[in-house]
Amino acid sequence: MIRFLTAGESHGKGLTTIVEGFPSNIPVSSDYINKQLKRRQSGYGRGLRMKIESDTIEFTSGVRFGKTFGSPVAMYIENKDWVNWEDRMNYEKKVHPTEKITVPRPGHADLTGISKYNFDDIRNSIERSSARETAARVAACSIARKFLEEFDIHVGSFVESIGGIYSKEIQPEFVFQNKFTGFENAQAISNKADERSVRVLDSKHEEKIIRKIKTAKKKGDTLGGTFFIIVTGMPLGLGSFVHYDTKLDADLAHAVMSINAVKGVEIGTGFNSAEIFGSESHDEIIFSGETITRKTNRAGGIEGGISTGLPIIIRAAMKPIATLMSPIETVDLSTFKSIEARRERSDFVAVPACSVIGESMAAWVIAKFFLQKFGGDSLEETKDNYKNYTKKLHSRIKKNFKK
Ligand code: EPS
């Protein structure tokens with residue numbers, strides 16, 4: 001069973017993560033993880049904080065000469081901004097009189113946080129609820145991503161829309177009909193998206209979105225959007241229908257929904273499948289080559305909570321960032337009078353970053369289910385288990401159903 005924890009505040013000294021349960025001998029490097037962290041920091045529409053930080057990890061446990069031990073892997077990411085916050089975020093005591101934040105931003109964790117934890121300063125809510133924590137997640141999940149690559153399983157993503165601007169070129173058929181023409185795997189799709197500043201797949205679309213973001217910035221407003229996460233190279237048989245908590249789709253939805261500001265997750269055609277006939281919704285089964293497969297992939301690679309072997313397709317919606325430079329109405333908790341919400345340094349759009357975090361969380365879940373089924377103590381043992389299963393899969397079906 002793999003698990004990870006993260007620790008750290010947005011303006012504390014840094015972020016820590018501990019990753020546990022992976023087999024030994026997985027090749028890992030800080031370069032590989034830092035590349036993922038850089039992708040998370042990118043995207044047109046991010047705020048000034050990303051100009052301060054250049055997120056990189058330092059291993060402090062679990063790795064020797066570039067390979068995992070099988071023991072907990074610990075990583076640390078420094079917050080470069082800490083030097084500007086040492087007083088306000090001092091771990092021991094108040095160094096100077098510090099401004100108390102009393103004006104909650106609608107849509108943020110400000111009000112729910114202070115109410116639940118009995119804080120007298122909204123800063124205490126802001127710090128841990130900040131999406132800064134997702135840097136530690138991306139670091140942790142990079143171990144999962146690297147592990148999956150050993151089995152030719154790749155996780156990628158692209159942004160579908162920002163502020164309601166969709167592409168004319170890239171229609172949903174691209175994913176649901178499995179028309180990944182020109183792309184070798186999900187990684188190649190991601191590489192293409194990484195070439196564009198908002199992680200979309202065509203340049204006209206990018207231009208339109210940038211125009212919309214510029215309008216939002218001018219108005220002091222923010223935007224959300226939608227993105228696809230795709231996993232290719234999937235084996236058939238991850239997950240199960242036996243219990244609510246063994247279903248692969250349920251766990252993926254949970255993981256993606258757990259990302260800050262994500263408000264919707266679909267697997268396959270999701271909400272659209274509620275509007276069409278069954279005959280238009282399901283994927284016809286065919287015999288092709290030596291295997292049984294599907295004509296289309298509207299199910300998003302999962303049937304009955306079990307992976308079908310086709311690519312996993314997840315679509316998610318991120319709401320606009322809650323901090324507005326032209327703020328909406330709220331209540332000052334020190335006066336109980338109506339007031340404009342507090343302005344904080346923030347991003348205008350973080351959908352491209354969110355798509356990278358989505359990839360990371362999906363990689364984590366797939367690795368978790370993969371290890372539940374094939375896990376050994378070393379990478380080599382896990383590879384043997386995997387080979388043994390996949391080699392015999394179709395011959396078993398043939399044998400079992402032979403008349
Ligand atoms: C973020 C760091 C934060 C924000 C953003 C994401 O830095 P700061 O609050 O110092 O500007 O840029 O966080 C939010 C949008 C949020 O609501 O918390 C990061 O590292 O991703």
Side-chain angles (χ1 to χ4, degrees), residues 6-17 33-34 36-57 75-89 98-99 101 103-114 121-142 159 162 198-199 213 216-217 220-225 227 258-263 318-325 327-328 330 341-361:
T6 69
E9 283 80 39
S10 185
H11 306 101
K13 267 191 160 179
L15 303 160
T16 305
T17 182
I33 297 169
N34 293 343
Q36 299 304 331
L37 290 174
K38 193 163 186 214
R39 294 177 66 227
R40 191 204 74 94
Q41 285 200 274
S42 313
Y44 184 81
R46 300 220 64 186
L48 293 175
R49 176 75 184 271
M50 290 305 109
K51 292 202 165 54
I52 299 171
E53 304 297 343
S54 53
D55 295 337
T56 50
I57 60 120
M75 290 174 271
Y76 180 70
I77 302 168
E78 183 193 359
N79 281 338
K80 295 227 158 48
D81 204 16
W82 162 246
V83 290
N84 306 313
W85 289 80
E86 252 183 283
D87 288 0
R88 281 172 290 170
M89 288 296 292
T98 306
E99 181 213 1
I101 302 176
V103 179
R105 293 160 298 171
H108 221 287
D110 297 358
L111 186 55
T112 49
I114 59 106
D121 183 350
I122 289 173
R123 169 65 50 208
N124 290 0
S125 287
I126 295 175
E127 286 300 321
R128 182 62 186 165
S129 65
S130 164
R132 178 94 195 116
E133 184 264 348
T134 59
R137 291 204 210 186
V138 170
C141 296
S142 294
V159 169
I162 289 179
V198 285
R199 303 204 73 244
I213 298 175
K217 270 187 177 176
D221 221 323
T222 58
L223 293 168
F227 57 91
S258 77
I259 303 167
N260 311 44
V262 167
K263 288 304 230 182
M318 182 191 194
K319 71 178 181 179
I321 299 282
T323 311
L324 304 176
M325 290 305 148
I328 54 175
T330 187
R342 188 187 146 83
R343 293 171 180 82
E344 275 272 329
R345 175 183 64 192
S346 188
D347 303 321
F348 294 93
V349 170
V351 184
C354 196
S355 64
V356 174
I357 304 157
E359 279 178 24
S360 305
M361 292 306 292

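One-based numbering, in listed order, for ligands and for the atoms of each. Bear in mind that the values here come from a model prediction, so they are computed numbers and not experimental data.
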So is there a nitrogen or oxygen of S129 less than 3.5 Å from a nitrogen or oxygen in ligand 1?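 There is no such contact.
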
So is there a nitrogen or oxygen of T323 less than 3.5 Å from a nitrogen or oxygen in ligand 1?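 No; every N/O pair is 3.5 Å or more apart.
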
Only one of K38, K80, E78 passes side chain to side chain contact (heavy atoms under 4.5 Å, CB included) with S54; say which it is.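 With S54 as partner, K38, K80, E78 yield a single side chain to side chain contact (heavy atoms under 4.5 Å, CB included), made by K80.
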
Among D121, I101, I114, T323, which residue meets the side chain to side chain contact (heavy atoms under 4.5 Å, CB included) test with I126?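 With I126 as partner, D121, I101, I114, T323 yield a single side chain to side chain contact (heavy atoms under 4.5 Å, CB included), made by I101.
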
Does a salt bridge link [X] with [Y], judged by any charged N lying under 4.0 Å from a carboxylate O?
X: R345; Y: D81; answer: yes
X: R40; Y: E359; answer: no
X: E53; Y: R46; answer: no

Looking only at protein heavy atoms, which one is nearest to [atom], and how far off is it?
atom: atom 6 (C) of ligand 1; result: R46 NH2, 3.5 Å
atom: atom 21 (O) of ligand 1; result: R40 NH1, 2.7 Å
atom: atom 12 (O) of ligand 1; result: D347 OD1, 3.5 Å
atom: atom 11 (O) of ligand 1; result: R345 NE, 3.0 Å

Backbone N or O of E9 within a donor-acceptor pair of the N79 side chain at under 3.5 Å?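 Confirmed, N79 side chain pairs with E9 backbone.
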
For H11, which part has a heavy atom under 4.0 Å from ligand 1: side chain, backbone, both, or neither?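 Side chain only; the backbone of H11 stays clear of ligand 1.
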
If you draw a 6.0 Å radius around NZ in K217, do more than 12 non-hydrogen atoms from other residues or ligands fall strictly inside?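 Counting neighbours around NZ of K217, more than 12 heavy atoms of other residues, nucleotides or ligands fall under 6.0 Å, so yes.
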
H108: numbered ligand 1 atoms lying under 4.0 Å from its heavy atoms: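 By the 4.0 Å cutoff, the relevant atoms are 16 (C), 17 (O), 18 (O).
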
Nearest neighbour of atom 3 (C) of ligand 1 from the list S130, A353, S346, on a heavy-atom basis: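 Looking at heavy atoms only, the winner is S130.
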
